[in-house]
Participant: 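Please read through the structure below; I'll follow up with questions.
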Amino acid sequence: MAEQRRTTRSERSNGRGADKGSSSRRTSARSSGSRSKISARDVVEQVREELPPLLGRPVEEVLGVQRDDDQGWQVIVQVVELSRIPTSTDVLGAYVVDVDDDGELIGYRRRRRYTRSQTDED
């Protein structure tokens, strides 16, 4: 009974304040059935680890992370595709990375390509 109260409190906090560690979030997620098995933080760490070897370039920034309709995750990352001097002329790529509910990277695609000095048009 006490475990259910903690889960409810954690769900109400919407991921803020009550979370002390990812292991407690995973336990709550498994018991509720409809929640993710992996947290957004864990998904981002997984993408930062697995995407660079596939692209041959490091992830420079994480631009966003959100749940998708299939109970997985989408992470948008920024990658330097071409380094130039000055760095304001670097060519960057924004990639959308799909991760399943178990934390496995299942696909990625480049959403846009732009120079570092270019203002955001989205």
Side-chain angles (χ1 to χ4, degrees):
M1 193 69 152
E3 180 64 29
Q4 289 176 338
R5 285 190 197 121
R6 264 185 270 157
T7 301
T8 304
R9 196 174 319 135
S10 177
E11 289 171 355
R12 282 187 197 144
S13 73
N14 201 15
R16 296 185 186 138
D19 293 334
K20 297 291 182 195
S22 61
S23 62
S24 64
R25 285 191 302 269
R26 285 189 199 128
T27 303
S28 299
R30 286 189 188 116
S31 63
S32 67
S34 64
R35 307 281 286 174
S36 174
K37 294 179 184 177
I38 187 168
S39 71
R41 179 180 305 178
D42 292 337
V43 168
V44 168
E45 288 174 9
Q46 193 74 16
V47 167
R48 282 188 170 274
E49 181 181 316
E50 289 186 21
L51 189 62
L54 294 173
L55 292 177
R57 300 175 185 98
V59 171
E60 181 173 81
E61 295 289 332
V62 174
L63 304 176
V65 60
Q66 69 180 23
R67 300 278 297 155
D68 70 8
D69 295 335
D70 298 326
Q71 297 300 313
W73 294 90
Q74 284 190 339
V75 181
I76 302 172
V77 297
Q78 178 176 283
V79 173
V80 177
E81 295 194 338
L82 181 61
S83 294
R84 295 183 174 167
I85 299 176
T87 57
S88 61
T89 62
D90 287 350
V91 177
L92 307 175
Y95 286 81
V96 176
V97 183
D98 297 313
V99 179
D100 70 12
D101 205 29
D102 294 322
E104 296 294 322
L105 193 144
I106 55 175
Y108 68 91
R109 63 199 168 282
R110 184 172 59 199
R111 192 173 83 182
R112 71 185 279 247
R113 197 171 189 202
Y114 52 98
T115 60
R116 188 180 296 276
S117 61
Q118 186 177 350
T119 59
D120 197 8
E121 297 175 6
D122 289 343

Participant: State plainly whether the residues D101 and R67 are in salt-bridge range, i.e. N to O under 4.0 Å.
Facilitator: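 Salt bridge between D101 and R67, a charged N being under 4.0 Å from a carboxylate O: yes.
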Participant: When you compare the side chains of D98 and Q74, does any donor N or O come within less than 3.5 Å of an acceptor on the partner?
Facilitator: yes
Participant: Quick one about S39 and D42 (side-chain donor to acceptor, distance below 3.5 Å, no hydrogens or angles considered), yes or no?
Facilitator: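 Yes - a donor-acceptor pair under 3.5 Å links their side chains.
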Participant: Once you round to the nearest 0.5 Å, how far does CD of Q78 lie from CZ of R111?
Facilitator: 11.0 Å
Participant: Would you say T89 and T115 make side-chain contact, with heavy atoms under 4.5 Å?
Facilitator: no
Participant: Using modelled atom types only, decide if a donor and an acceptor are shared between the side chain of R116 and the backbone of T87 within a distance under 3.5 Å.
Facilitator: yes
Participant: Roughly how far, to the nearest 0.5 Å, is CG of L92 from CZ of R110?
Facilitator: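 Result: 11.5 Å between the selected atoms.
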Participant: So, does D102 use its side chain to make a donor-acceptor pair with the main chain of E104 at under 3.5 Å?
Facilitator: no
Participant: Any luck finding a side-chain donor-acceptor pair between E50 and Y108 under 3.5 Å?
Facilitator: no
Participant: Is it the case that one hydrophobic cluster holds both I76 and Y114, taking links as side-chain heavy atoms less than 4.5 Å apart, direct or via other members?
Facilitator: yes
Participant: Is any side-chain heavy atom of V62 less than 4.5 Å from a side-chain heavy atom of R48?
Facilitator: yes
Participant: Using side-chain heavy atoms (C-beta onward) and a distance below 4.5 Å, is L82 in contact with D90?
Facilitator: no
Participant: Under 4.5 Å between side-chain heavy atoms, hopping through other hydrophobics if needed: is there a path connecting V80 to Y95?
Facilitator: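 Looking at the clustering, Y95 is in a separate group from V80.
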Participant: Does a side-chain heavy-atom distance below 4.5 Å link L51 with V97?
Facilitator: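 Of all side-chain heavy-atom pairs linking V97 with L51, at least one is under 4.5 Å.
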Participant: Do you reckon V59 sits in the same ILVMFWY cluster as V91, going by side-chain contacts under 4.5 Å, direct or chained?
Facilitator: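 The answer is no; the residues belong to distinct hydrophobic clusters.
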